[in-house]
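Residue numbering restarts at 1 for every chain, and letters A, B, ... go by the order of the sequence lines.
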2 protein chains.
Amino acid sequence: MPAARPLQPAFKALADPTRRDILRRLSAREMTIAEITAHCDMTRAAVKKHLVVLKDGNLIHMRHEGRETLSTLNAQGLKPVTDWLSYFEAFWDDKLSTLQTLLTDETET
Amino acid sequence: MPAARPLQPAFKALADPTRRDILRRLSAREMTIAEITAHCDMTRAAVKKHLVVLKDGNLIHMRHEGRETLSTLNAQGLKPVTDWLSYFEAFWDDKLSTLQTLLTDETET
DNA sequence: TTGACATGATACCATTTGGTACTGCATATA
DNA sequence: TATATGCAGTACCAAATGGTATCATGTCAA
């Protein structure tokens with residue numbers, strides 16, 4: 001049996017607003033831990049923990065250069081997530097979904 | 001200031017495999033709490049908690065019919081999530097992303 | 001009315017999570 | 001060499017999370 005796609009670590013990594021913010025920043029350029037920390041209002045150790053979670057989710061890469069650790073976005077790691085979500089796009093605008101919404105709103109108003 | 005889009009509750013709701021599984025099941029049809037529980041290997045109270053999280057994330061609707069509570073998928077609630085993710089699709093296949101991947105793999109191998 | 005059924009609500013517990021503080025190591029640099 | 005820098009690793013703490021057990025409430029059916 002092939003290895004299960006790492007959906008869970010990726011979803012878990014995305015569940016924290018600090019980590020999503022870090023991903024946004026890394027989309028602009030590679031950054032050191034100290035640089036990321038400067039924007040995050042928490043200690044470097046805390047930021048490091050978030051980076052490890054992002055790495056476990058395969059959403060970033062980390063490389064060492066001298067005494068610095070440089071983090072880069074790995075946008076491809078988001079693909080399993082968007083693939084999982086794409087299944088539901090079929091329900092966005094079809095008639096069944098609309099009907100369900102109407103029925104539900106009727107009981108909730 | 002307009003209400004911030006409810007990104008956080010939705011991402012949080014998606015971060016649990018049990019909740020993602022429930023969403024899949026609800027995409028097929030409306031279900032009672034007891035029906036969902038039958039698939040989940042945990043107590044009804046635990047499933048109910050997960051359903052509340054999904055409702056807070058605007059990913060399901062719940063309506064009451066007699067003594068039953070029926071849950072339905074709200075696929076539209078996933079839209080803010082996919083919108084957030086779509087920002088990163090631009091980084092999937094472009095040259096910068098590829099270069100970053102090559103550089104990173106080089107140091108990790 | 002009586003009882004069974006589906007659920008809501010609460011209290012409680014163990015584990016995980018998000019954070020700080022501290023120590024220590026490797027690396028630039030004067 | 002001596003010193004400051006950037007980071008890793010660990011211990012520790014408070015709060016959130018995921019689960020159970022228990023009891024109360026409303027509803028269907030005989």
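The CG-C1' distance, from B:L51 to D:dG18, rounds to 14 Å in whole Å. If you take CE of A:M42 and C1' of C:dT20, they are 12 Å apart, rounded to a whole angstrom. In this structure, the CZ atom of B:F11 is 18 Å from the P atom of C:dT17, given to the nearest Å. For B:L54 and D:dG18, the CG to P distance is 11 Å, given to the nearest whole Å. At whole-Å resolution of the value, CD in B:E65 and C1' in C:dG8 are 18 Å apart.
In this structure, A:K12 does not reach the C:dT16 phosphate: none of its side-chain N or O atoms is under 4.0 Å from OP1 or OP2. A close approach under 4.0 Å does occur between a side-chain nitrogen or oxygen of A:T43 and OP1 or OP2 of C:dT20.
For the residue pair B:H61/B:T72, the side-chain donor-acceptor check at 3.5 Å is not satisfied.
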Under 3.5 Å, which protein N or O atoms sit close to an N or O of nucleotides 6-10 of chain D? Give each pair with its distance.
{"unit_1": "D:dC7", "atom_1": "OP1", "unit_2": "A:I33", "atom_2": "N", "d": "3.3"}
{"unit_1": "D:dC7", "atom_1": "OP2", "unit_2": "A:A34", "atom_2": "N", "d": "3.1"}
{"unit_1": "D:dC7", "atom_1": "O3'", "unit_2": "A:T69", "atom_2": "OG1", "d": "3.1"}
{"unit_1": "D:dA8", "atom_1": "OP1", "unit_2": "A:T69", "atom_2": "OG1", "d": "3.2"}

Should A:R63 and A:E30 be marked as a salt bridge (charged side-chain N to carboxylate O under 4.0 Å, His left out) after you check the CA-CA gap, both sets of side-chain angles, and the distance that decides it? CA-CA 10 Å; A:R63 68 184 182 91; A:E30 196 174 37; 2.6 Å; yes
Between A:H50 and A:T18, does a side chain to side chain donor-acceptor pair (under 3.5 Å) hold up when you go through it step by step? CA-CA 8 Å; A:H50 283 302; A:T18 297; 4.6 Å; no
Less than 3.5 Å apart, which donor and acceptor atoms pair up between the side chains of residues 36-43 of chain A and the rest of the protein, not counting sequence neighbours?
{"unit_1": "A:T37", "atom_1": "OG1", "unit_2": "A:I33", "atom_2": "O", "d": "2.7"}
{"unit_1": "A:T43", "atom_1": "OG1", "unit_2": "A:A46", "atom_2": "N", "d": "3.3"}

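Taking A:D21 as the reference, A:R25 meet the side-chain hydrogen bond (donor to acceptor under 3.5 Å, both in side chains) condition, with sequence neighbours excluded.
With salt bridges taken as basic N to acidic carboxylate O contacts below 4.0 Å, one links A:R29 and A:E35.
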